[in-house]
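Numbering of ligands and ligand atoms starts at 1, following listing order. In this text the structure is predicted, and so the values were computed from the model without any measurement. Residue numbers count from 1 along this sequence.
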Amino acid sequence: MIRFFSIAAAAALLSTPALACDGFEVQDPYARASTPMSTSGAAFMMMVNNGDTDCHVTGVRSEAAARTELHTHIASDDGVMRMVHVEEGFIVPAGGHLALQRGAEHVMFMGLTAPFEQGNLLSVTLEFADGSEYDVEIPVDLERMPEMQMQGHDSN
Ligand SMILES: [Cu+2]
């Protein structure tokens with residue numbers, strides 16, 4: 001029995017494409033726009049790193065918009081939250097995760113090629129510092145409520 005399982009495990013490893021950041025996965029992604037007329041939108045997700053090295057997400061691209069960027073929110077001196085492009089990218093720590101959520105880190109779509117409609121799937125590619133990539137299909141979910149810890153404030 002033990003031999004059977006180890007052969008199965010080896011086969012599973014061989015069928016996985018070689019990636020430097022091979023412990024990376026995206027869980028529970030969704031995208032939304034504020035209104036049907038919006039020309040921009042955002043995507044949120046849990047980035048999980050099951051590997052033993054940090055994953056450095058340096059960029060993102062998609063056909064869904066003219067420009068797609070990694071964004072976060074920062075508080076300016078007067079306390080107002082503003083979105084900024086995070087040019088250095090996101091670090092997903094080894095054995096850890098990074099939550100992209102409303103009011104914090106997110107994927108930003110600017111100049112939508114088509115309005116976000118409920119149930120649409122957006123093809124998005126995440127780019128890593130080592131040159132590898134991760135493709136994810138992100139469903140548009142306009143009805144999704146912000147996470148509980150955001151206390152109902154929708155800053156997007
Ligand atoms: Cu943004």
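Between His85 and His71, the ring planes are tilted. Angles from 30° to 60° get that label. The aromatic rings of Phe44 and Tyr30 sit tilted relative to each other, their planes meeting at an angle between 30° and 60°. Below 30°, between 30° and 60°, or above 60°: for His73 and His106 the angle between ring planes is between 30° and 60°, a tilted geometry.
Look at Met83 and the Cu ion (ligand 1): an N/O/S atom of the residue is under 2.8 Å from the metal. At least one N, O or S atom of His106 sits under 2.8 Å from the Cu ion (ligand 1). Taking 2.8 Å as the threshold, Thr72 does not count as a candidate ligand of the Cu ion (ligand 1), since none of its N, O or S atoms lies below it.
Within His71, ND1 is the N, O or S atom that lies nearest to the Cu ion (ligand 1).
Side-chain N/O atoms of Glu137 and Ser123 include a donor and acceptor closer than 3.5 Å.
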